[in-house]
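A note on names: the letters A, B, ... follow the listed sequences, proteins ahead of strands, and every chain is numbered from 1. Just so it is clear, the model here is predicted, and its values are computed rather than measured.
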2 protein chains.
Amino acid sequence: MTSGEATLGSGMRVPQKRKRSDMIAEEIKRWIIAEHKVAGERLPQERDLAALFDCAKGTLREALKSLEVQGLINVRTGPNGGAVLAEVSYDRSTELLRNYMHFQNLTVEQVYEFRKAVEVEMAVSVVGHLDEEAFARLEESVGCCACSGHKESEQMKVRQAELDFHVLLAQYCPNPLLSFHSRFISDLLRDFIRLRTDVPDAFDKFTTVNRDFHRQLIDALRREDREAVGRLMREHMELAERFTLELEGVVSENLMLVP
Amino acid sequence: MTSGEATLGSGMRVPQKRKRSDMIAEEIKRWIIAEHKVAGERLPQERDLAALFDCAKGTLREALKSLEVQGLINVRTGPNGGAVLAEVSYDRSTELLRNYMHFQNLTVEQVYEFRKAVEVEMAVSVVGHLDEEAFARLEESVGCCACSGHKESEQMKVRQAELDFHVLLAQYCPNPLLSFHSRFISDLLRDFIRLRTDVPDAFDKFTTVNRDFHRQLIDALRREDREAVGRLMREHMELAERFTLELEGVVSENLMLVP
DNA sequence: AGATATTTGTTCGTATGTATT
DNA sequence: TAATACATACGAACAAATATC
């Protein structure tokens, strides 16, 4: 019966009436689309925008703040400063998606159930989109996994490099959806790395197995053998899940916090 | 050499110095975690927060605005009002993710490449998590697809109902990652529905085929036959992709705009 | 139902910081 | 270096919303 309320609405109370600054933020969005503005173009300055949308400076600032948090504009001071339209960055999007996942108390099984699906598809779709520079970078990344000291910092580096391999691959994926989510999951797992010093040999074995998989993946990618790429990545993920399960149980801590 | 700049940084210039309001927003985030605040708890009122973080009211408001846009708090006026910690809602997260995808100019192929992977996994993981009420709702949804008038509004309704089936299924998926993304893709496709009146028979055939798949899926879900569920959903997606391709080519318009 | 107290929402004026010329 | 143009920050006053009595 009221105007606009949330769809979920269990017992939680939500704001009933939209704020003026929010409405102006949406008006600006619509205005941007109507004017066919593209990334890089400047918006009018604060004073003019305030006049255009008929509100005070402070209110307009809150509206711009909203767009800025959404990653749609960047604001700069100085002459020729002001709000410029921006493409939403990967970093900004994931930060916001992580806020959501923070409350979902994900388990390792759940993360890997998703990762298996996405990562396999991503790897397959990357076939045929790699140049020599790409292969060089991938091989360099595998090289980093080779140096296995037994100090904590060394092990940490190895795990990071392993994830880098996947992020690198995602970078060459022509499908933005797969690329985004593959990278998102890798970043999620990155925060999740907690060294456990009580199972050093499990760690070593995993490192070796991973390196093998990465090498074989590069080979299959060179041959442009889709079937092999898919199969290898699937097996790789199966084993990675098993290993991760041995080490920890829950993936939910402090995802929200930006380090 | 400067302090904090974006990782992407092609030719685009980005703000060099972090703003005070942004820093305070992050300080508040940290404070929330440090205080072990959970969803539902109130934050101190503006005046006290401004004192706590030593800034003016306007600045603090911009910081709160940032958190609000991120969906982390709701703010209300009146006695016992103020900012209360909220779980980030699905709607908010997708809105922000859509902002990102708006700039990626997705093609139908790309959306379906992702959808196939996610939807199959989602359907399989939902096996064993459906009660009688769930089945009743699914069957009701299939029923809606049956009434096929030839008016535009009727056809529109049918397509919506078809997507509802998938959203419904996602709702019972125990994996938040799969559930979220399955629903996200459905919502993405929902905006994409543009009726084309020039190919009415293709439309009818697709409607019939879809209904069959949905019915068979329900059967397989009742039998808790994982293998069949996976296979059916995979075939279902293959055909859905082919049909969608017949109708349109690009999925990128106005994803950003909230209707 | 109405008055009131409480808390956010909006506005203005002014001062400061920063980047361009 | 100085002048200029712009965003950023502050503080005080007033407006609007809403829970409670």
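Taking the side chain as every heavy atom from C-beta outward, I28(A) and L52(A) never approach each other to under 4.5 Å.
With sequence neighbours excluded, no residue forms a ring pair (Phe, Tyr, Trp, His ring centres under 6.0 Å) with Y112(B).
Taking atom CG of residue N74(A) and atom P of nucleotide dA19(C), one finds them 15 Å apart after rounding to whole Å. Per the geometry, NZ belonging to K19(A) stands 17 Å off P belonging to dA16(D), to the nearest Å. The NZ atom of K65(A) sits 12 Å away from the C1' atom of dA9(D) (whole-angstrom rounding).
Using a 4.0 Å cut-off between charged nitrogen and carboxylate oxygen, E162(A) and R159(A) count as a salt-bridge pair. Salt bridge D164(B)/R137(B): absent, no basic N to carboxylate O contact under 4.0 Å.
Between Q45(B) and G58(A), the residue anchored nearer the 5' end of DNA chain C, judged by the nucleotide with its closest heavy atom, is Q45(B). The residue among G78(A) and A83(B) whose nearest nucleotide of DNA chain C lies closer to the 5′ end is A83(B).
Of the side-chain N and O atoms in R61(A), one or more sit less than 4.0 angstrom from OP1 or OP2 of dT8(D). Residue R20(B) has a polar side-chain atom (N or O) positioned under 4.0 Å from OP1 or OP2 of dC10(D). Look at N80(A) and you'll find a side-chain N or O under 4.0 angstrom from OP1 or OP2 of dT21(C). Contact annotation: R42(B) side-chain N/O to dT7(C) OP1/OP2 distance is not under 4.0 Å.
Looking only at distances, no side-chain donor or acceptor of Q171(A) sits under 3.5 Å from a matching main-chain atom of H166(A).
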Sort me out a list of protein N/O and nucleotides 13-15 of chain C N/O pairs below 3.5 Å, or just none if empty.
| residue | atom | partner | partner atom | Å |
| --- | --- | --- | --- | --- |
| dT14(C) | O4 | K57(A) | NZ | 2.9 |

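The number of heavy atoms from other shown groups lying within 6.0 Å of CG (D54(B)) does not exceed 12.
Comparing dT8(C), dT11(C), dT8(D) by their closest approach to the side chain of T77(B) singles out dT8(C). Side-chain proximity of R76(B) to dG11(D), dT7(C), dA19(D): nearest is dA19(D). The side chain of P79(B) lies closest to dA5(C), out of dT11(C), dA5(C), dA9(D). Considering only side-chain atoms of V75(A), the nucleotide from dT8(D), dA17(D), dC10(D) that sits closest is dT8(D).
R47(A) comes within 4.0 angstrom of nothing in the nucleic acid, heavy atoms only.
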Please determine whether salt bridge (Lys or Arg N to Asp or Glu O under 4.0 Å) holds for the pair D187(A) and R190(A), giving the CA-CA distance in whole Å, both sets of side-chain angles, and the decisive distance to 0.1 Å. CA-CA 5 Å; D187(A) 288 342; R190(A) 211 181 282 279; 3.6 Å; yes

